[in-house]
2 protein chains.
Amino acid sequence: VATTTGKRNGVSSRAKVLTIDTMNPTVKKVEYAVRGPIVQRAVELERELSQGVKKPFAEVIKANIGDAHAMGQQPITFFRQVLALCSYPELLNDSTFPEDAKSRARRILQSCGGNSLGSYSASQGIESVRQDVARYIERRDGGVPCAPDNIYLTTGASDGIVTMLKLLVCGEGATRTGVMISIPQYPLYSAALAELGAVQVNYYLNEEKCWSLDISELQRSVDEARTHCNPRALCIINPGNPTGQVQSRQCIEDVIRFAAKERLFLMADEVYQDNVYADGCQFHSFKKVLFEMGPEYSSTVELASFHSTSKCYMGECGFRGGYMEIINMDNEVKAQLTKLVSVRLCPPVPGQALMDLVVNPPQPGEPSYDNFIKERTATLSVLAEKAKLTEQVLNTVEGIRCNPVQGAMYSFPRISIPEKAVKEANGQQPDMFYCMRLLEETGICLVPGSGFGQKDGTYHFRMTILPPTDKLKILLDKVKEFHHKFTQKYS
Amino acid sequence: VATTTGKRNGVSSRAKVLTIDTMNPTVKKVEYAVRGPIVQRAVELERELSQGVKKPFAEVIKANIGDAHAMGQQPITFFRQVLALCSYPELLNDSTFPEDAKSRARRILQSCGGNSLGSYSASQGIESVRQDVARYIERRDGGVPCAPDNIYLTTGASDGIVTMLKLLVCGEGATRTGVMISIPQYPLYSAALAELGAVQVNYYLNEEKCWSLDISELQRSVDEARTHCNPRALCIINPGNPTGQVQSRQCIEDVIRFAAKERLFLMADEVYQDNVYADGCQFHSFKKVLFEMGPEYSSTVELASFHSTSKCYMGECGFRGGYMEIINMDNEVKAQLTKLVSVRLCPPVPGQALMDLVVNPPQPGEPSYDNFIKERTATLSVLAEKAKLTEQVLNTVEGIRCNPVQGAMYSFPRISIPEKAVKEANGQQPDMFYCMRLLEETGICLVPGSGFGQKDGTYHFRMTILPPTDKLKILLDKVKEFHHKFTQKYS
């Protein structure tokens with residue numbers, strides 16, 4: 001087993017222990033387009049610009065990732081005041097901090113070992129935070145009960161999603177666990193399934209009907225999957241990433257009925273639950289709909305729902321806060337889940353504190369209430385404007401067709417790519433070729449649709465609506481101009 | 001495949017999708033004693049006490065986990081000031097904060113997207129933080145060069161360790177990756193290996209020689225392992241957890257030579273690098289020793305070293321900060337590593353900021369320097385006293401034998417358990433039985449040695465030295481008294 005290459009005592013004579021050929025093969029299969037080659041090239045271009053290298057643009061504009069603060073969105077003042085108080089409790093004596101921020105900080109610190117954010121929490125998360133999450137869910141869902149014991153705080157939503165998938169994977173060959181995910185999808189799902197060696201089972205969203213979800217397509221997907229794997233879970237992202245749709249209550253009810261009929265564990269990625277912009281659209285949680293369907297469903301269908309501090313109006317990605325709620329999970333499995341998360345000790349405590357503030361913000365009558373509402377409303381209404389603007393401008397471009405951005409933070413327009421450009425791409429995904437040209441010529445960083453999955457022969461890109469309005473306008477104009485030139489060049 | 005039990009439309013008629021029999025079998029194999037049944041019982045007892053239930057003790061004293069702040073250790077003022085400034089940058093206008101804290105906060109914020117801790121960082125971590133880590137390592141290792149590009153910031157050390165193990169696992173059956181870990185070990189390792197389905201290859205530390213590492217034992221271990229798996233990595237914890245030993249420079253050199261000869265990827269868990277108490281002991285990093293051995297080793301042996309914000313003098317576990325340095329990693333593998341970590345977006349940014357402060361603390365001449373040194377020295381000297389006290393008191397007990405606590409935060413004394421008690425344990429691990437009795441009778445929460453691994457027929461417990469000195473004295477006296485009574489009862 002122990003072999004060496006080259007001369008025994010010379011420098012570099014040993015072959016490496018860990019090489020591309022001897023590393024974990026499942027890791028090699030992982031792909032994550034949101035931080036893929038386009039973004040790496042964007043970072044290089046930024047460096048070149050800062051070194052004075054001449055480019056056909058003055059700055060790189062990144063619309064590749066839902067990173068609100070990086071795009072200039074301001075944090076909620078109250079949240080940051082409480083975090084500062086928790087970090088450095090001496091500030092509790094500072095009269096410039098509002099009393100409600102102080103009392104919130106005191107309450108969080110009292111729940112921490114030694115009154116310090118620097119202590120490990122319980123692996124499932126701080127108990128008082130889980131209580132606050134449960135009360136938030138009850139309010140959100142019109143009184144449907146929520147037990148703090150069903151709440152697990154997580155390191156962002158991604159952590160919770162991967163943990164749940166991990167529990168679900170078993171079997172080999174034709175009995176290997178299959179997990180149904182939408183196409184287009186957020187590539188965390190495909191990456192996690194590749195790493196876990198689970199079977200990715202695709203169902204396609206209906207682009208013609210504003211990326212809605214057809215039960216007949218779910219049925220086709222699960223029936224086909226049953227010929228070669230054991231589909232056990234169905235993942236839904238609502239509001240949609242990368243597609244920006246908001247599901248109707250009826251659709252959610254149909255999905256739950258389908259999951260019950262086909263015996264699928266439901267995973268509802270609901271991190272954009274406050275990001276709903278379009279008239280007539282409303283967020284409905286899977287939990288609420290499930291409980292409105294009566295005990296036949298509410299006491300049987302297994303559901304995990306995910307939320308995070310990273311999106312909505314707060315956009316606090318860097319803190320890696322999140323939670324999941326599990327419903328109807330088998331008690332023995334739940335004990336295994338608790339054991340599994342304990343190995344990583346606990347989610348970051350500052351992120352837990354932030355999650356607490358998100359689910360328990362200032363209340364009417366408290367000193368910080370008015371300012372909190374002002375800030376939250378301002379952020380959400382700017383996002384709504386930018387969603388509208390993005391759809392409108394993109395739809396003025398011949399060869400680009402953009403569904404309404406009903407929610408979340410993304411548009412996922414379909415783009416026409418001339419046959420000649422497809423050839424020129426030379427094996428590269430044509431929309432990767434397109435986005436790379438766009439980046440090199442305009443400095444705009446988008447993610448090709450192929451990174452999220454799409455129907456064969458169709459091309460898209462994902463673009464966040466997060467750049468500040470003035471930059472977003474420049475970006476949209478540049479995309480328009482580029483698309484025109486690109487189409488001409490290859491026609 | 002889709003089966004149901006019971007009547008089709010009735011409540012609870014469906015068997016669960018996810019049950020203990022249909023869940024991921026590797027997850028079931030995971031064990032993590034540091035937060036196992038003893039700790040769960042301790043939490044219950046605390047609840048009972050707070051509800052007024054009578055117990056033979058007034059409080060539960062937890063010495064099960066290296067959670068310094070929970071045991072009353074105070075955070076470093078400078079670190080928390082900078083974190084508060086970063087969380088709420090309005091405070092940069094507050095004249096009560098020292099200038100060096102402010103300039104540090106400004107530097108960190110300038111490295112964050114939108115100058116906010118709420119932005120995602122690069123997946124590998126904030127570049128300026130990685131630069132500071134590299135300079136820290138160079139200073140620590142007497143000038144051995146360190147490239148920021150070889151630094152990956154992590155979510156605590158655990159995250160980095162699991163990620164590295166994940167890269168290393170491949171093969172099936174007799175070619176399955178084996179990973180050598182010390183026995184006793186920190187159970188993160190066994191848990192991660194179980195989850196990844198890698199083969200755990202045990203090598204035993206020499207209790208008679210103060211838990212030192214014998215190369216002959218490594219040789220025995222690897223030779224035996226080669227008959228049934230492919231050992232590819234060797235993990236070392238130095239200073240040791242749970243055993244508290246500090247390795248000599250000679251031993252580290254021997255280990256490196258062994259790894260080179262046997263073609264093993266080295267993983268050095270060095271999170272206790274500042275926790276060295278015993279006279280004549282000194283921390284030597286694997287990196288430094290490797291480079292002092294000349295290019296035959298320094299340019300070939302693959303090494304990953306791990307550090308964290310959770311231990312040493314800062315004890316900031318809750319922030320989940322950490323880094324790993326990788327040396328001689330194949331470039332293609334490194335690209336895969338970078339891709340893999342990008343799926344989880346980034347480590348918590350407040351933890352990255354804290355890691356930056358740990359590697360770049362106040363310098364002589366700066367306003368916070370004197371106080372920083374005072375706080376750090378006080379914490380480390382109290383720990384040194386408690387290490388000594390623990391060893392001394394435990395060694396006064398007949399039937400307990402405790403090696404010197406040279407470093408880290410733990411003692412791992414050997415305990416005699418009478419044959420009658422072993423029988424009474426009735427299949428339970430005898431030291432689990434012992435620790436559970438200790439907890440029920442005295443309120444003291446320790447972790448049985450069986451949770452870390454030990455030579456067959458020997459029994460131990462792991463005890464942190466972290467409780468405040470007055471409580472530690474009470475704890476040690478109670479252990480003494482309990483051990484005496486326990487031995488009498490079962491003799």
Side-chain angles (χ1 to χ4, degrees), chain A residues 1-2 9 11-12 14 16-20 23-25 27 30 32 35 67 69-70 72 75 80-81 83-84 87-88 113-114 116-120 123 158 166-170 188 191 226 230 232 263 265 295 299-300 302 316-318 320 330 332-333 336 340 342-344 348-351, chain B residues 1-2 11-12 14 16-20 23-25 27 30 32 35 67 69-70 72 75 80-81 83-84 87-88 113-114 116-120 123 158 166-170 191 226 230 232 262-263 265 295-296 299-300 302 316-318 320 330 332-333 336 340 342-344 348-351:
Chain A
V1 177
N9 292 318
V11 172
S12 296
R14 275 169 29 119
K16 304 257 184 216
V17 175
L18 185 58
T19 67
I20 195 81
M23 69 175 282
N24 189 332
V27 170
V30 168
Y32 188 69
R35 294 207 150 174
D67 191 0
H69 290 201
R80 295 308 197 92
Q81 286 174 330
L83 287 168
S87 299
Y88 187 52
S116 170
L117 289 188
S119 298
Y120 292 120
S123 303
S158 303
K166 199 178 278 176
L167 289 181
L168 280 158
V169 175
C170 70
L188 167 71
R226 288 232 158 83
N230 179 16
R232 304 183 70 205
R263 295 182 38 68
F265 191 107
S299 64
T300 59
E302 294 151 81
E316 296 274 15
C317 315
R320 317 305 298 120
D330 176 86
E332 284 178 293
V333 175
Q336 293 285 327
L340 181 63
S342 77
V343 178
R344 295 294 189 93
V349 177
Chain B
V1 176
V11 172
S12 298
R14 275 170 28 120
K16 303 255 184 217
V17 175
L18 186 59
T19 67
I20 195 82
M23 67 174 282
N24 189 334
V27 170
V30 168
Y32 189 68
R35 293 205 151 176
D67 191 359
H69 290 201
R80 294 310 197 88
Q81 287 174 329
L83 287 168
S87 299
Y88 186 51
S116 171
L117 289 189
S119 297
Y120 292 121
S123 303
S158 304
K166 199 179 277 177
L167 289 180
L168 280 158
V169 175
C170 69
R226 288 233 156 82
N230 179 16
R232 304 184 69 204
E262 299 292 339
R263 296 183 37 64
F265 192 107
E296 181 186 344
S299 63
T300 59
E302 293 150 80
E316 296 274 14
C317 315
R320 314 306 298 121
D330 176 84
E332 284 177 294
V333 175
Q336 293 285 326
L340 181 63
S342 78
V343 178
R344 294 295 188 95
V349 176

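Here is how names work: the chains are called A, B, and so on, in the same order as the sequence lines, proteins then strands, and each is numbered from 1.
Each of A:Ser158, A:Ala191, A:Pro350 has some count of heavy-atom pairs under 4.5 Å with chain B, and the biggest count is that of A:Pro350. Highest contact tally toward chain B, considering only A:Leu340, A:Val30, A:Leu168, A:Thr19, is held by A:Val30 [criterion: heavy-atom pairs under 4.5 Å]. For the set B:Gly318, B:Gly113, B:Gly114, the count of heavy-atom pairs under 4.5 angstrom toward chain A peaks at B:Gly318. Note: A:Leu167 leads A:Leu167, A:Leu83, A:Leu188 in heavy-atom pairs under 4.5 Å with chain B. Chosen from B:Asp67, B:Val349, B:Val333, B:Asp330, the residue pairing most often with chain A at heavy-atom distances under 4.5 Å is B:Asp67.
With salt bridges taken as basic N to acidic carboxylate O contacts below 4.0 Å, one links A:Arg80 and A:Glu316.
Annotation for A:Val27 and A:Met23: closest pair CG1-CE, 3.7 Å, computed over non-hydrogen atoms. Across every non-hydrogen atom of A:Ser119 and B:Ala70, the tightest pair is OG-N, 3.0 Å.
For A:Arg320, the part lying near chain B is the side chain, with the backbone staying farther off; criterion is any non-hydrogen pair under 4.5 Å.
Between the CG atom in B:Leu18 and the CZ atom in A:Arg263 there is a gap of 10.5 Å [rounded to 0.5 Å].
Side-chain atoms of A:Arg232 do not come within 3.5 Å of backbone N or O of A:Phe265 as any donor-acceptor pair.
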